[in-house]
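Here's the structure, in structure tokens; my notes come after.
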Amino acid sequence: MSNKILVSGIKPTGRLHFGNYFGAMRQNIELANSGEYESYVFLADYHALTSVKNGDELRTQTLEAAASYIACGLDIDKAILFRQSSVPEVTELTWIFNNLVTMPYLMRAHAFKDNEAKNKDVNVGLFDYPVLMASDILMYNADVVPVGADQKQHIEYTRDIAGYYNRAFGVEQFKEPKELIVDGVAVIPGIDGQKMSKSYNNHIELFCSDEDLKKRVMSIVTDSATSEEKKNPDENNIYKIHKLFLNEEGDKSLRAKFENGGYSYKDAKEELLSTIMKWREGKKEKYNELISNPEKIIKILEEGGRKAKARAEVTMKMVRHQVGLQ
Ligand code: ADP
Ligand code: TRP
């Protein structure tokens with residue numbers, strides 16, 4: 001293993017969808033599998049508590065997210081896959097960081113502002129979300145953090161917090177990590193053209209039933225152009241989703257179909273459906289196999305948790321000493 005460190009988390013707040021996959025998971029998997037990093041990939045169950053208030057639900061969703069990662073190809077011999085809560089030290093580090101950030105600073109966070117704007121009650125956990133995330137990242141001294149575009153600000157907060165800590169205690173404990181956002185897949189659209197998100201119910205789950213998949217794909221919103229009309233792929237929702245699955249050549253030929261005319265939306269949707277079905281081949285079976293053997297997933301997560309915790313203990317030993325807790 002090299003000494004470059006990659007840290008990435010995903011919140012198990014529901015079944016994972018193609019927005020999660022193309023926006024974050026795919027990069028995490030490719031980078032972790034490349035073997036170029038010591039990779040920490042975790043299910044952010046402490047973060048999920050800010051919205052999930054049902055133990056069984058959180059447990060199930062955490063296992064489903066882990067199964068999705070493995071089914072999508074994460075090599076668990078190359079990445080440490082674990083539950084965030086297997087490392088309770090991150091909550092301790094969060095508490096220490098909490099004393100270095102101010103309320104006005106956290107009030108500038110997008111997630112907090114969005115929730116405030118919608119007049120939602122913001123719990124203290126949600127308010128403190130960026131600090132817990134900084135702890136996740138700094139605990140393992142990450143060099144890179146692959147995330148979706150929406151998480152960029154959180155990584156900026158993480159860099160700030162690393163600097164606040166180092167200056168406050170006169171140490172070089174934490175290095176400033178970089179976010180890794182892949183161009184062109186910054187925001188994945190959903191079936192209605194808005195950002196794909198569970199909250200808009202416009203998402204396509206990675207491993208839903210074939211019937212649900214068909215229903216979702218066939219209800220992608222389009223304009224009323226006829227089959228013969230030429231269509232601009234860049235303004236077309238079916239194209240924008242389909243191209244994510246294609247290589248350069250496949251993309252070229254799909255664009256041509258839209259541009260040349262004679263390609264109905266029904267044809268376009270059916271072709272997308274068959275692309276997704278092909279993508280799921282092998283993966284869906286693997287997912288179902290894991291989900292029906294949860295003890296296998298639990299074992300993998302526990303093993304990963306032990307490794308991550310051992311690393312966290314090293315960091316915390318130094319931190320506790322630096323701040324005077326030990
Ligand atoms: P949701 O919006 O469905 O609740 P989350 O906020 O839990 O999804 O997303 C988890 C991560 O997956 C995000 O932080 C982001 O990195 C990525 N992601 C989710 N939806 C998209 C999308 N539509 N485009 C790009 N990335 C996304
Ligand atoms: N906030 C991230 C999301 O919503 C999940 C997350 C938690 C994370 N801790 C992290 C991502 C650390 C990268 C690194 O997607």
Side-chain angles (χ1 to χ4, degrees), residues 10 14-30 61 64-65 67-74 148 182 184-292:
I10 200 147
R15 298 207 170 114
L16 296 171
H17 52 71
F18 284 100
N20 302 137
Y21 180 74
F22 288 110
M25 285 171 79
R26 184 170 63 166
Q27 289 79 268
N28 296 349
I29 294 173
E30 279 172 8
Q61 287 171 178
E64 284 174 350
S68 301
Y69 255 107
I70 300 169
C72 289
L74 183 76
V182 175
V185 292
V187 178
I188 315 299
I191 57 174
D192 60 356
Q194 294 186 81
K195 177 190 172 210
M196 187 181 288
S197 171
K198 287 180 298 281
S199 4
Y200 303 142
N201 194 21
N202 64 355
H203 58 301
I204 305 177
E205 279 178 18
L206 300 179
F207 299 118
C208 59
S209 68
D210 292 351
E211 298 76 63
D212 280 347
L213 176 66
K214 184 165 181 197
K215 229 185 272 166
R216 289 269 157 165
V217 171
M218 296 320 270
S219 55
I220 293 177
V221 176
T222 56
D223 56 31
S224 54
T226 61
S227 163
E228 296 74 43
E229 274 176 67
K230 297 182 176 178
K231 302 168 179 79
N232 180 353
D234 297 317
E235 283 169 13
N236 192 285
N237 221 356
I238 310 172
Y239 168 77
K240 286 188 202 162
I241 299 176
H242 200 158
K243 76 164 187 188
L244 297 163
F245 293 86
L246 304 175
N247 59 20
E248 212 175 308
E249 210 174 302
D251 180 30
K252 233 185 195 169
S253 100
L254 182 66
R255 287 187 74 84
K257 286 184 193 165
F258 278 91
E259 282 164 348
N260 294 342
Y263 189 51
S264 72
Y265 285 139
K266 185 165 176 289
D267 291 344
K269 288 177 183 178
E270 278 169 0
E271 211 174 326
L272 169 60
L273 180 62
S274 113
T275 297
I276 302 180
M277 291 292 283
K278 216 174 263 148
W279 180 90
R280 301 208 306 178
E281 270 171 25
K283 298 186 182 74
K284 188 153 181 256
E285 290 73 21
K286 176 84 195 159
Y287 177 81
N288 288 340
E289 193 252 324
L290 285 165
I291 286 299
S292 29

Measuring from atom [atom1] of [X] to atom [atom2] of [Y], what distance do you get when rounded to the nearest 0.5 angstrom?
X: Tyr69; Y: Asn20; atom1: OH; atom2: CG; value: 8.5 Å
X: Ile70; Y: Glu289; atom1: CD1; atom2: CD; value: 10.0 Å
X: Tyr21; Y: Met196; atom1: OH; atom2: CE; value: 13.5 Å
X: Leu254; Y: Glu259; atom1: CG; atom2: CD; value: 9.5 Å
X: Leu272; Y: Met218; atom1: CG; atom2: CE; value: 9.5 Å
X: Phe258; Y: Asn236; atom1: CZ; atom2: CG; value: 4.0 Å

Inset, instruction - Give a yes or no answer on whether the side chain of Asn288 reaches the backbone of Glu285 with a donor-acceptor pair at less than 3.5 Å. - result: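 Not at all, since once roles are kept as given, no pair shorter than 3.5 Å links the two residues.
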If you look at every heavy atom in [X] and [Y], which pair is closest and at what distance?
X: Gly148; Y: Ala24; value: N-CB, 4.3 Å
X: Gly193; Y: Asn237; value: N-ND2, 3.0 Å
X: Gly190; Y: Ile241; value: O-CD1, 4.0 Å
X: Pro233; Y: Tyr239; value: O-CD2, 3.1 Å
X: Asn202; Y: Ser197; value: OD1-N, 2.8 Å

Inset, instruction - Might you confirm whether atom NZ of Lys214 has over 12 heavy atoms from other residues, nucleotides or ligands at distances under 6.0 Å? - result: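 No, NZ of Lys214 has 12 or fewer neighbouring heavy atoms, counting only those of other groups under 6.0 Å.
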So [Y] and [X], do their side chains get closer than 4.5 Å, heavy atoms only?
X: Cys208; Y: Arg280; value: yes
X: Lys198; Y: Arg15; value: no
X: Asn28; Y: Leu74; value: no
X: Ser68; Y: Met25; value: yes
X: Leu244; Y: Phe18; value: no

Inset, instruction - Look at the aromatic rings of Phe22 and Phe245 and report parallel, tilted or perpendicular, splitting at 30° and 60°. - result: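 Perpendicular, since the angle between the ring planes exceeds 60°.
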Inset, instruction - Evaluate the ring planes of Trp279 and Phe207, with Trp represented by its six-membered ring, and classify them as parallel (under 30°), tilted (30 to 60°) or perpendicular (over 60°). - result: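 If you compare the ring of Trp279 with that of Phe207, the planes turn out parallel.
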Legend entry - Leu273: which of Asp210, Val217, Ile220 passes side chain to side chain contact (heavy atoms under 4.5 Å, CB included):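 Of Asp210, Val217, Ile220, side chain to side chain contact (heavy atoms under 4.5 Å, CB included) with Leu273 is met by Val217 alone.
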Inset, instruction - Keeping to residues at least two apart or across chains, list the salt bridge (charged side-chain N to carboxylate O under 4.0 Å, His left out) pairs with something in residues 261-277. - result: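 Non-adjacent pairs meeting salt bridge (charged side-chain N to carboxylate O under 4.0 Å, His left out): Lys257-Glu271, Lys266-Glu270.
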Legend entry - Contact list for residues 217-241, test salt bridge (charged side-chain N to carboxylate O under 4.0 Å, His left out), sequence neighbours left out: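 Applying salt bridge (charged side-chain N to carboxylate O under 4.0 Å, His left out) to every pair that reaches into residues 217-241, excluding sequence neighbours, yields Asp234-Arg255.
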Inset, instruction - Consider only side-chain N and O atoms of Asn247 and Glu249, and report whether a donor and an acceptor are under 3.5 Å apart. - result: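 Per modelled atom types, Asn247 and Glu249 side chains form no pair under 3.5 Å.
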